[in-house]
Visitor: 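Dumping the structure here so I can ask a few things about it.
One is the number of the first residue; the rest follow in order along the sequence.
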Amino acid sequence: MDFIRLAVRDGRRNAARTLLAVIAVALATAAPVLARVIPEGYPTEFRLPERQYLGGDLLVWPAIAPIDTRGDSLLSWRAWDGSDWQSHALYFLPSLPHSGYLAEIGTRAWGPVEATSVAGTIQGVNGVAKVSPYLVLPCVVQTLDGPVQAVLRGRGPEPADSPLSMAHLVTTGRPLSTEDRGTPAALVPLQGGFSDGVFPLGRDFEVAVAGRTLSLRPVGGYQVVVGEEEDRTQAPGPSGRYPVIPVFWERTEIVVTEETFREVAGQAEPVYQLSISAGRISTLKATVDAVRKALGPGFAVYSVPELVALRNSSIATPVIAANVRPVFLGLTFGLAGVIVTGSVYILLSQQRRKIGLLRVVGATRRDIVVYALGVAVYVTLVGDAVGFLTGKLLSLVAVLSSDMTASEWLRLAASDLLTGLGLSLSITAVLGLSVGLWASRIPCAEVLRRE
């Protein structure tokens, strides 16, 4: 008698119970697949406005490094004595002024860095395409509404077709071009309370910076949209929902070419932040790890998506947590295995007379164990197939919008499939074996049992 075929037939015959077990295994298989759609990075459009504004996919700061829970270094609290104009640290970590930050004892504190030396160290790291210093100085802008504290920034000009070019943020006028090098041309913010009327295009305005007064001419205005929110000052629509309005990154940066900036600041301008453009966004996490390793302690290295998540979570001290994926996988597939074997146990409990009859016609205890394991493995394989295919189909949109190659996707798919099959089958085999051993002890006399 083919006990494996009998197991498959009984599994199909008890469709309702089998379906519940299949769903449990499918969810267990699909969850880890969806949890790491792009395991080492993000889709190419992810947080793109912030990356375009910052001029990179990663930021490097002195100090404020994440705490690695896997290490054993001594830590101490430090007060943050920086200024808002120096970097974008306060935007992403707004609690710094009143909470400070944790740092390893003996590492450098917040302060200017030797940009050329740091950039040289980073430039050779795998995955790094370009390193740009954040060239800024505080200034006072004379607007039609009066003097305003602002930041003068030197950047570019960049090719307009570059994915991280600031040209993509310009909504009025034009971006800076190569013809603007060393000229008073500037990009002005149309956010943070400003509008087209504050900086009329083509009309010069004065900027007090580094003890000098500059006359700049706006050639374009830019906006950085970082999200949306409900406008509760308006009446709700027919659906009961409020109108949605954009949320801007409200920072007053007057952008000029690097040549114009250096004419004002000289070559010794302080640098507190560097932007790194990654070669590929789908491997951004690996690039972050490589840059952290290259720079060593004393430097903070973050991807822009990491920083956005930190800002939204209001975490004062960023932490690099230990890898909990193995625990997550074990718990998920362990629970699915318990559900599968529980279903098999109930099935066999209801078929005690049938098992007794099988024993009467010559089935051995080993045959009964094979029968029980056959039911469990059949349910597990069906659930694995359903969960894996569902997870991959749901994640396909995100994968297609990334720069992940087909070969990388295939390797990831193979890894997920082998992981899911290996864990689910091994757990099911162990638990199913115990149920099979219990069923194999059902005596032949059960055939005489009255229902």
Visitor: So, for Val344 and Ala372, which heavy atoms are closest and what is the spacing to 0.1 Å?
Guide: CG1-O, 3.9 Å

Visitor: Should Pro32 and Phe333 count as side-chain neighbours, where that means a heavy-atom distance under 4.5 Å?
Guide: yes

Visitor: Once you round to the nearest 0.5 Å, how far does CG of Leu152 lie from CG of Leu214?
Guide: 7.0 Å

Visitor: Does Thr183 reach the main-chain N or O of Asp180 with its side chain, forming a donor-acceptor pair under 3.5 Å?
Guide: yes

Visitor: Quick one, Arg47 and Ser303 - any side-chain contact, counting heavy atoms below 4.5 Å?
Guide: no

Visitor: Are Arg280 and Ser282 close enough that a side-chain donor and a side-chain acceptor fall under 3.5 Å?
Guide: yes

Visitor: Is there side-chain contact between Leu421 and Leu381, with at least one heavy-atom pair below 4.5 Å?
Guide: yes

Visitor: With rounding to the nearest 0.5 Å, note down the distance linking OG1 in Thr257 to CD in Glu263.
Guide: 7.5 Å

Visitor: Can you tell me how far CE of Met404 sits from CG of Leu410, rounded to the nearest 0.5 angstrom?
Guide: 10.5 Å

Visitor: Thr252 and Val151: side chain to side chain contact (heavy atoms under 4.5 Å, CB included), yes or no, with the steps?
Guide: CA-CA 6 Å; Thr252 311; Val151 175; over 6 Å; no

Visitor: Side-chain contact, heavy-atom cut-off 4.5 Å: Tyr272 with Val136?
Guide: no

Visitor: Would you indicate whether Asn126, at its atom CG, is surrounded by more than 12 heavy atoms from other residues, nucleotides or ligands within a distance under 6.0 Å?
Guide: no

Visitor: Side chains of Ser415 and Arg411, heavy atoms from C-beta outward: is any pair under 4.5 Å?
Guide: no

Visitor: Per the side-chain contact (heavy atoms from CB on, under 4.5 Å) rule, which among Thr116, Ile122, Leu58 passes with Val131?
Guide: Ile122

Visitor: Is any side-chain heavy atom of Phe92 closer than 4.5 Å to one of Leu310?
Guide: no

Visitor: Say whether, by atom type as modelled, one donor and one acceptor occur between the side chain of Ser402 and the main chain of Tyr42 under 3.5 angstrom.
Guide: no

Visitor: Is any side-chain heavy atom of Lys392 less than 4.5 Å from a side-chain heavy atom of Leu412?
Guide: yes

Visitor: Hey, is the main chain of Ile245 close enough, under 3.5 Å, to the side chain of Glu229 for a donor-acceptor pair?
Guide: no

Visitor: Does Arg292 come within less than 4.0 Å of Glu306, counting only side-chain N to carboxylate O?
Guide: yes

Visitor: Validate the cation-pi geometry between Arg155 and Tyr134: distance from NZ or CZ to the six-membered ring centre under 6.0 Å, angle to the ring axis within 45°.
Guide: no

Visitor: Hey, is the main chain of Leu431 close enough, under 3.5 Å, to the side chain of Ser434 for a donor-acceptor pair?
Guide: yes

Visitor: Using 0.5 Å steps for rounding, measure from the CH2 atom of Trp110 to the CG atom of Leu96.
Guide: 8.0 Å

Visitor: Can you confirm whether Tyr222 sits close enough to Val255 that some side-chain heavy atom of one is under 4.5 Å from a side-chain heavy atom of the other?
Guide: yes

Visitor: Could Arg311 and Tyr91 be counted as a cation-pi pair, given that NZ or CZ must be under 6.0 Å from the ring centre and within 45° of the axis?
Guide: yes

Visitor: Do Ser275 side-chain atoms and Leu54 backbone N/O form a donor-acceptor pair below 3.5 Å?
Guide: yes

Visitor: What distance do Phe388 atom CZ and Asp416 atom CG have between them, rounded to the nearest 0.5 Å?
Guide: 6.5 Å

Visitor: Taking NZ in Lys130 as the centre, count heavy atoms belonging to other residues, nucleotides or ligands within less than 6.0 Å. Is the count above 12?
Guide: no

Visitor: How many angstroms lie between atom CD of Gln223 and atom OH of Tyr53, to the nearest 0.5 angstrom?
Guide: 12.0 Å

